[in-house]
Every structure is written in C-alpha cells, then in structure tokens.
Amino acid sequence: MHEFRAHSFYSMERGRGMLKGTSISPFFIAAKRWGNRIHSLVYTGPEWEFTPGESKKELLGLVNASMHYVLPSGHFVGVEVNEEFGKGYNSLMIRPQMKLVLNNRLAVGVLSGIPMNYTEGGMSFMVRVIYEPRRK
C-alpha cells in the first residue's frame, strides 16, 4: 500500500504545502471464522515513512487485531486493538465498534478510538456508511 500524507488545514493556512510526505507499507492479513458468529482478523506489517526535506526514512511496525460477534440479524459488535511502534515510539489504541444493518444493502458502522497512552491526542469517533452491492 502506498499513502500520500497531507498537512492539516491549519498547517496549510500557515504556509505549509499540501503534501506532508508518503508512506509505503507491505502488509499481511490473516482472518479466521470461529463457527457462525465469531470472526477474527490480524493485519500486520512494516511501514516506511518518507518526509520531503528530511534524509531520514522512519520505519514503523503495525499490528492490528480484531474480534467481532455477528448477530443473526447481521448487526455486529466487536473490538479492534491497533498498535504502532518504532524507534522510541509506541502507540496503542482500543477501538470498540458496531455495525447496524439498515436493510439488505445498507448499514452504518460506528466506532470510537480510546488511546492507551495520551502522548498523541485523545479519543476519536467515526461513523461510516457501508453499501454492500448485490451478490451474483
């Protein structure tokens, strides 16, 4: 995966360019279904961050693990644990989440982020609309 990272609107208003840097992260995903209702997933790999004007390329490690319980209606509840670490850096985030099925093609996902160390910001919250096209 290759990401382009942008500065915040606050930084751009104060003269910073739009592009902050890029990152490259090859990844490995393993998923397992435990019976009809419990699903687990592990997403892991290294990430290299490149910042223009700096010769240093930062190497980080990522480990994201999740476990979800799916209700007969299709709704689910679960938790995701995201850890990011590097030289002198460690961040751990717990993300409780749920999916509410509205109809056979549309759902809403709700999740929050609870940091286990408060060095880089506080809690976060996200709502996503999930569209699932008809299967053939």
Side chain to side chain contact (heavy atoms under 4.5 Å, CB included) between Gln97 and Arg128, intermediate numbers included:
CA-CA 11 Å; Gln97 49 195 274; Arg128 58 181 152 214; 3.9 Å; yes
Applying side chain to side chain contact (heavy atoms under 4.5 Å, CB included) to Thr44 and Leu62, what does each step give before you reach the verdict?
CA-CA 5 Å; Thr44 187; Leu62 305 169; 5.6 Å; no
Full working for side chain to side chain contact (heavy atoms under 4.5 Å, CB included) between Ile130 and Val108
CA-CA 6 Å; Ile130 303 164; Val108 174; over 6 Å; no
May I have the step-by-step check of side chain to side chain contact (heavy atoms under 4.5 Å, CB included) for Met116 and Ile94, ending in yes or no?
CA-CA 7 Å; Met116 295 292 104; Ile94 306 292; 3.7 Å; yes
Requested in this report: Would you sort out whether Ser40 and Trp34 count as a side-chain hydrogen bond (donor to acceptor under 3.5 Å, both in side chains), showing the intermediate values?
Outcome: CA-CA 8 Å; Ser40 63; Trp34 306 88; 2.8 Å; yes
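In this structure, Ser66 OG and Asn82 CG are separated by 9.0 Å, a value rounded to the nearest 0.5 Å. With rounding to the nearest 0.5 Å, the separation of CG in Leu92 from CD1 in Ile114 is 11.0 Å. Atom CG of Leu41 sits about 14.0 Å away from atom CZ of Arg33, to the nearest 0.5 Å. A distance of 11.5 Å separates CD of Glu47 from CZ of Phe85, quoted to the nearest 0.5 Å. Annotation: the span from Phe4 atom CZ to Thr22 atom OG1 amounts to 7.0 Å, rounded to 0.5 Å. With rounding to the nearest 0.5 Å, the separation of CE in Met67 from NZ in Lys32 is 11.5 Å.
Taking each heavy atom of Arg37 and His39 in turn, the nearest pair found is O-CD2, 3.6 Å.
For His75 (side chain) and Val101 (main-chain N/O), a donor-acceptor pair under 3.5 Å exists by modelled atom type.
Val110 and Val79 fall into different hydrophobic clusters, where Ile, Leu, Val, Met, Phe, Trp and Tyr are joined by side-chain heavy atoms under 4.5 Å apart, directly or via other members. In this structure, Leu102 is a member of the same hydrophobic cluster as Leu71, with clusters built from ILVMFWY side-chain heavy atoms closer than 4.5 Å. Hydrophobic clustering (side-chain heavy atoms under 4.5 Å, transitive across Ile, Leu, Val, Met, Phe, Trp, Tyr) groups Ile38 together with Val77. Taken together through direct or relayed side-chain contacts under 4.5 Å among Ile, Leu, Val, Met, Phe, Trp and Tyr, Leu100 and Phe125 form part of one hydrophobic cluster.
In this structure the side chain of Pro115 reaches within 4.5 angstrom of the side chain of Met123, judged on heavy atoms. With a 4.5 Å cut-off on side-chain heavy atoms, Leu106 and Val129 count as touching. At a threshold of 4.5 Å between non-hydrogen side-chain atoms, the residues Tyr43 and Val63 do not count as touching. Proximity of Ser112 to Ser124: side-chain heavy atoms (C-beta onward) are nowhere separated by under 4.5 Å.
Note: His68 and Phe76 have perpendicular aromatic rings, judged against thresholds of 30 and 60 degrees for the angle between ring planes.
By the 6.0 Å contact criterion, CZ on Phe28 is open, its count of non-hydrogen atoms from other residues, nucleotides or ligands being 12 or less.
A salt bridge is defined here as a Lys NZ or Arg NE, NH1 or NH2 lying under 4.0 Å from an Asp or Glu carboxylate O, and Lys99 with Glu132 meets this definition.
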